[in-house]
Amino acid sequence: MTAQEIKAEIKAGEQPSAFSPALAARRRAQARADRVAVFYPLASGVLGLAIWEAVVRILKMPPYLLPAPTHVLAETWLYLPMLLKQLGITAFAAGVGFAIALVGGVVAGAAITASRFVDRTLYPWLVIWHAIPKAVVAPLFIVWIGFGMTSEIIFVIVFTVFPIVVNTVTGLKSADPDLLLLVRSMGAERFQMLWKIRIPNALPSIFAGIKISATLAPVGAVIGEFVAANQGLGHLLIQAIGGLETPLAFAAVFVMAVFGIAIWYLTEAIERWTIPWHASQRGSVLGL
Amino acid sequence: MTAQEIKAEIKAGEQPSAFSPALAARRRAQARADRVAVFYPLASGVLGLAIWEAVVRILKMPPYLLPAPTHVLAETWLYLPMLLKQLGITAFAAGVGFAIALVGGVVAGAAITASRFVDRTLYPWLVIWHAIPKAVVAPLFIVWIGFGMTSEIIFVIVFTVFPIVVNTVTGLKSADPDLLLLVRSMGAERFQMLWKIRIPNALPSIFAGIKISATLAPVGAVIGEFVAANQGLGHLLIQAIGGLETPLAFAAVFVMAVFGIAIWYLTEAIERWTIPWHASQRGSVLGL
Amino acid sequence: QKINFLLDWAWIPYHTIFLTAEDRGFYREAGLEVKIEQGRGSATTAIVVGQGNFDIGHINSTNVAQAIGKGVPLKSIAVYQHRSSASFAAMKEKHTLKGAESLKGLKIGSTPGGSDALSLAIFKKINNIPEGAFTVVGLDGAAKRAAVLTGAVDAVSGDSHAFAAILRGAGKEPSMFLLSDYGVPLLGFGFAANEEFIKKEPQAIKKFLAATKRGFQAAIKDPKASCEFMKTKVLLTGTVEFCVDYYMGLMELSQSPDDPNWGRQTPEEWSKLVAALKSVDEIKSDKKSDDYFTNEFVP
Amino acid sequence: MTTVLLQDVRKVYGGTQADVDALGPISFGIAKGETVSVVGPSGCGKSTLLRVIAGLDSATAGTVTVAGQLVSSPIGDVGIVFQRDLLLDWRSVIDNVLLPAELRRMDLSAARTRAMQLLAELGVADFALRYPWELSGGMRQRVAIARALLCKPSMLFLDEPFSALDALTRDQMNVILQQVQIHEGVTTLLITHSIQEAVFLADRVIVMSGRPGRTLDEIVVPFARPRRLSLREAPEFAAIAGRIRIHFERTGILVG
Amino acid sequence: MTTVLLQDVRKVYGGTQADVDALGPISFGIAKGETVSVVGPSGCGKSTLLRVIAGLDSATAGTVTVAGQLVSSPIGDVGIVFQRDLLLDWRSVIDNVLLPAELRRMDLSAARTRAMQLLAELGVADFALRYPWELSGGMRQRVAIARALLCKPSMLFLDEPFSALDALTRDQMNVILQQVQIHEGVTTLLITHSIQEAVFLADRVIVMSGRPGRTLDEIVVPFARPRRLSLREAPEFAAIAGRIRIHFERTGILVG
Ligand SMILES: Nc1ncnc2c1ncn2[C@@H]1O[C@H](COP(=O)(O)OP(=O)(O)OP(=O)(O)O)[C@@H](O)[C@H]1O
Ligand SMILES: Nc1ncnc2c1ncn2[C@@H]1O[C@H](COP(=O)(O)OP(=O)(O)OP(=O)(O)O)[C@@H](O)[C@H]1O
Ligand SMILES: [Mg+2]
Ligand SMILES: [Mg+2]
């Protein structure tokens with residue numbers, strides 16, 4: 001019996017609702033929300049850029065210090081193909097690194113939650129790794145792993161794994177003990193408890209980690225490129241900064257910002273789609 | 001009527017429990033847990049250092065590349081007063097910056113949760129700020145704020161505020177809609193709903209943000225010192241790296257690692273003490 | 001008379017000169033109160049001085065040229081290192097760098113942006129080095145050092161005074177290749193001042209340079225003592241030997257402070273520098289070389 | 001005098017699937033000081049009704065007025081016991097009970113004394129300093145009742161408040177609730193599954209149809225107060241209970 | 001043949017305050033295919049008892065054996081309805097019901113058909129694709145019952161499974177449960193607050209004292225099966241119910 005069949009069966013048994021004001025109201029609310037979702041950020045973006053432009057013009061900021069947004073946009077447009085190519089490289093490293101960090105982080109979080117031993121032995125090292133400036137150990141990376149994509153990806157992992165681990169652990173540990181007992185009584189094995197209860201229950205928290213990390217991943221890639229790379233936005237940035245090509249540097253940053261925002265909204269969309277059942281996604285009651 | 005009086009009243013009405021095996025069992029479990037909590041991390045720490053030492057010795061790593069832990073410890077011991085003094089500076093910046101980020105982050109998170117307008121206008125800027133490498137604005141920093149503590153603290157804030165905001169928002173949005181209705185029916189105002197329901201409910205999530213940020217704060221301070229300060233561990237690191245004093249650099253990192261771990265355990269202790277009622281703190285049922 | 005003086009980087013051995021001048025009271029005797037602040041790279045120092053947050057900077061003159069070309073209101077007021085330190089460095093045990101031929105097929109670590117990449121580009125241009133004659137790997141400062149010491153790259157491009165000292169400090173014999181020997185007309189360290197300040201306080205600049213020159217003279221007399229003195233004054237890590245090596249490495253490429261022309265710049269060297277920068281598209285404006293420097297204040 | 005008045009109230013839920021026609025149209029009133037019991041099959045919209053009256057959910061059609069005011073936001077001065085006990089995990093029992101006093105910024109010391117009295121009366125005083133997860137289901141429910149009574153509201157809306165209690169405790173609760181009604185003249189809306197309880201406590205019983213819930217019958221319960229538990233064995237009582245039961249049986253099939 | 005056997009079982013909870021002596025010592029057995037009802041005042045340890053028997057909590061003293069095995073970890077082959085419905089928020093109703101089949105890696109297609117049958121029988125089939133928060137309290141409870149029945153377990157432990165249902169639905173549930181018992185010979189432990197229900201469904205009723213819960217009385221219910229709902233009006237039935245009620249009344253005061 002498929003979900004489709006169930007649906008058909010339900011349909012058959014159900015009297016049609018006399019009218020559907022709720023549906024209509026929902027549609028209206030949704031449309032308004034969509035307008036707000038697009039309009040507000042745009043307005044605030046435009047306003048922010050306008051303020052920036054005004055500051056630059058009124059204080060007569062020289063472009064090598066702080067270029068005006070119009071200048072940055074012009075520069076972006078001028079160098080767009082090159083910027084996009086570099087972004088592609090950085091984004092690739094960020095994507096691969098983040099994917100590894102996500103899987104590794106969730107697995108590590110699960111191991112930490114499942115085993116006191118792992119908790120007490122692995123976690124402190126992760127904390128230490130998170131709590132030290134990577135600049136000191138960066139050269140070591142280069143020496144051991146070599147230049148290029150690999151070390152860049154490792155940089156991304158190092159940058160992004162910790163928020164995911166912490167949020168995974170918090171989420172996994174928050175499972176309702178009674179729910180765990182329930183599935184235990186249904187004969188669930190540890191792995192099933194993890195998969196069927198703890199992980200779904202942890203998803204909202206994991207998504208918080210993902211939001212932090214996914215947007216941080218390109219920054220990690222760029223820092224990796226600062227240390228050692230011949231390509232990517234980081235390399236471009238260093239060149240631009242060193243050569244006092246501040247508008248180009250800002251153009252690169254602008255591209256990163258757009259990319260970051262895109263990732264952010266993508267993550268939010270995935271979240272909405274993945275955990276529609278969660279209170280945070282169900283919309284507000286009475287606008288509370 | 002005070003809690004004390006209530007307690008007395010209860011005591012008077014309660015028959016003494018015939019025996020207290022549960023209490024004894026709890027004590028035993030606690031003692032074992034304490035041993036584990038101290039022994040495992042220590043053992044894993046010692047093991048990690050031993051492996052590192054072995055690697056250095058077997059591969060005959062030169063100290064300017066990777067000093068042996070014994071070497072680092074000796075160096076730490078040698079420079080301890082100086083290291084502690086620099087740590088003090090860095091820790092101060094980290095502490096002040098983190099405190100501001102915490103308060104600001106929670107307030108921002110509350111504003112974002114409360115107002116769709118703030119959500120749609122402020123949040124994207126926070127995301128952008130999080131998603132761009134801060135190195136680009138370094139000269140701006142020096143020109144506008146100058147070298148010193150202020151720049152450093154701002155760097156810490158910039159580094160640590162985002163995880164707190166995201167986790168606060170996630171936590172605040174997760175409140176049970178029925179609970180909100182309940183207090184609404186008791187005449188709660190918006191602020192009371194926030195304070196009495198949403199915030200307590202968000203605490204586990206906020207603590208995840210705190211754990212990420214508190215341990216990151218010293219890193220932010222060090223990066224701030226790299227960019228625009230002439231004291232603290234970051235400055236020492238610049239010096240040590242420039243002077244080819246890798247062991248001293250590692251000694252500084254070692255001090256930071258110890259400090260980071262200390263912050264971590266402190267945060268966990270505060271968490272246990274603040275949210276003992278939460279599933280994540282109540283200990284496991286059946287060791288699930 | 002107060003002067004805010006910004007260095008090119010956080011304390012580096014050769015900064016002992018300024019500490020000496022201050023300690024011996026040269027500035028005070030000149031009626032100056034000099035506040036020395038550590039910097040974060042010549043490019044940043046150029047901007048910050050240009051913005052007027054500081055009056056005078058100790059900067060690599062190539063960066064000064066670059067900055068002026070970009071419109072930073074700055075002028076070079078003295079250059080004491082007329083030959084750039086730009087060089088290739090390798091471990092002698094692995095490679096001996098001699099002549100452009102010896103670079104063939106090498107993997108060279110170089111920091112993008114900044115003067116390092118610039119000198120490399122000009123070197124290639126001037127010597128008609130074909131594309132692909134050697135491989136360039138972009139590395140930041142610390143990575144460059146680790147990479148050359150472990151053989152991850154064959155050579156690095158960077159300041160000779162720094163890398164000679166670093167390689168020797170790690171117990172390796174360096175093999176150095178000075179780009180100035182191969183027609184690269186870049187300038188090394190000197191001083192630049194904010195244009196506003198030049199207009200307002202010409203006398204102060206004059207006094208500053210004169211007092212600083214005394215610092216150069218005093219410090220060079222006993223490099224070891226200068227290094228030891230510096231270590232007592234500020235946080236400077238590394239051994240005294242390393243410090244002396246580093247400091248003297250720079251001094252060897254610099255004009256002697258006893259030279260009566262110390263600090264004096266020639267229009268030729270500036271126009272060559274600017275032409276070289278133009279040849280690699282680093283400078284696009286057509287300012288005259290007068291706009292870049294002035295010898296008004298040279299003692 | 002009517003305090004609560006519903007006119008043609010409907011509620012349609014939008015959801016993940018098709019809309020659910022959950023309630024009404026339904027119209028009735030509750031007089032000041034009156035107790036109205038609502039009975040009806042599971043899922044017929046009783047809880048929805050309560051939420052709409054309390055202003056916690058908006059009606060899709062129709063109007064609700066309470067004390068002459070059109071209800072459009074949560075009404076104050078009402079004690080609600082929800083179907084789920086909704087205790088706050090992070091507060092001890094006593095602090096849970098004190099919550100409405102805190103929210104209304106009342107004198108906490110006096111409130112605490114009253115809270116302890118209520119807890120004692122409801123048989124959970126020994127657990128005042130414990131946390132909700134240390135309580136049994138019935139104890140949690142009693143704490144929720146104490147919380148609703150704390151501020152002596154002029155209205156009580158109770159959604160199956162005694163469902164987790166054993167027969168005897170339930171009887172005792174009925175007696176306690178009746179005392180509150182008599183002494184404080186509180187207007188009460190009681191949703192219950194026990195026909196006996198509905199009749200025993202109410203001045204009027206409203207029998208609802210299956211989803212979407214409409215009024216099937218309204219029965220006035222004429223017995224004087226205070227009523228004794230033994231009243232339940234009286235034939236007049238049985239007659240009323242029987243009349244309600246017949247409605248249920250007529251509905252016949254189970255309704256979602 | 002006895003499948004469930006308790007000997008001198010005690011449970012003491014450690015908590016934030018002093019220990020709670022929650023249960024026992026209590027000893028009894030349940031024969032294979034037998035239905036035992038447990039009644040007792042709120043907070044007397046009934047839920048605790050169920051958890052201890054199911055191996056979900058460890059006894060502080062005494063032993064529990066199920067099918068000859070000493071219980072030290074959760075036992076399999078049992079369907080449990082907890083006092084809270086414990087539906088998973090992230091699963092639709094049908095997926096909630098299918099959970100035990102998934103966990104036991106059974107054929108999902110067949111299980112789905114059975115699940116739909118159960119939901120239909122319990123009157124919530126129309127809501128199969130909805131999420132738990134779109135259901136009423138009683139509907140949630142019925143979904144939890146369907147889930148417990150899905151895998152045709154040889155034992156059923158039910159903790160007040162019908163508390164959120166109206167009288168008639170409850171009666172229908174009683175009939176359905178009796179059918180299951182007769183057809184599948186399932187061993188049942190039923191915790192309930194309704195004395196009528198306890199007697200109607202059980203072969204034996206255990207009356208527990210106040211906390212810490214001990215056995216006050218064990219009453220064999222001799223009526224043959226299938227029993228008709230009208231049996232409840234029979235004087236023999238009333239006699240047994242009365243005997244139980246007297247125990248309650250003797251306990252007198254409310255117990256925490
Ligand atoms: N949030 C919601 N979204 C969609 N449908 C809902 C929602 N809440 C309730 N419903 C539907 O509304 C109808 C009435 O629900 P309600 O909770 O009012 O029933 P009830 O009479 O209280 O039942 P019970 O006695 O079982 O508690 C049900 O069919 C339910 O499925
Ligand atoms: N996790 C716990 N920690 C501490 N005490 C607990 C815990 N769970 C239950 N108790 C205590 O054990 C006693 C028995 O609880 P239990 O839930 O078994 O009662 P019950 O008979 O099911 O009551 P009800 O009919 O109200 O559901 C109660 O006094 C309760 O306070
Ligand atoms: Mg309901
Ligand atoms: Mg119970």
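On a predicted model such as this, the values are computed, not experimentally measured, just so you know. Chain letters run A, B, ... following the sequence lines, proteins first and then strands; every chain starts at 1.
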Answer yes or no: does atom [atom1] of [X] have more than 12 heavy-atom neighbours from other residues, nucleotides or ligands under 6.0 Å?
{"X": "B:Tyr265", "atom1": "OH", "result": "yes"}
{"X": "C:Glu196", "atom1": "CD", "result": "no"}
{"X": "C:Phe229", "atom1": "CZ", "result": "yes"}

Interface moiety of [X] toward chain C, non-hydrogen atoms closer than 4.5 Å:
{"X": "B:Tyr79", "result": "neither"}
{"X": "B:Met61", "result": "neither"}
{"X": "B:Ala229", "result": "backbone"}

Looking at every heavy atom in both [X] and [Y], which two are closest together, and how far apart are they?
{"X": "C:Thr237", "Y": "B:Gln239", "result": "OG1-O, 2.8 Å"}
{"X": "C:Arg40", "Y": "B:Ile238", "result": "NE-CD1, 3.8 Å"}
{"X": "C:Val48", "Y": "B:Ile142", "result": "CG2-CG2, 3.8 Å"}

Exercise for the section: Look only at the side chain of C:Arg145 and the backbone of B:Leu65, and say whether a donor-acceptor pair between them is shorter than 3.5 Å. Expected result: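 Answer holds: no.
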
Exercise for the section: Would you mind reporting whether C:Leu6 and B:Phe147 have side-chain heavy atoms less than 4.5 Å apart? Expected result: yes

Exercise for the section: Against chain C, work out which of B:Asn230, B:Thr246, B:Leu236, B:Val143 has the most heavy-atom pairs shorter than 4.5 Å and name it. Expected result: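 Of the candidates given, the most pairs with chain C belong to B:Asn230.
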
Practice task
Give the member of C:Ile47, C:Leu236, C:Leu149, C:Thr150 that has the highest number of heavy-atom pairs under 4.5 Å with chain B.
Solution key: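 The candidate making the most pairs under 4.5 Å is C:Leu149.
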
Handout entry: Pick from C:Asn53, C:Thr239, C:Thr45 with the largest number of heavy-atom pairs that fall under 4.5 Å of chain B
Key =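 Of the options given, most contacts go to C:Asn53.
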
Exercise for the section: Measure the spacing between OH of B:Tyr64 and CG of C:Leu167 and express it to the nearest 0.5 Å. Expected result: 8.5 Å

Exercise for the section: Rounded to the nearest 0.5 Å, what's the gap from CZ on B:Phe141 to OG1 on C:Thr44? Could you check? Expected result: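 The CZ atom of B:Phe141 sits 13.5 Å away from the OG1 atom of C:Thr44.
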
Problem - Region of C:Gln38 that comes under 4.5 Å of a non-hydrogen atom in chain B - result: both

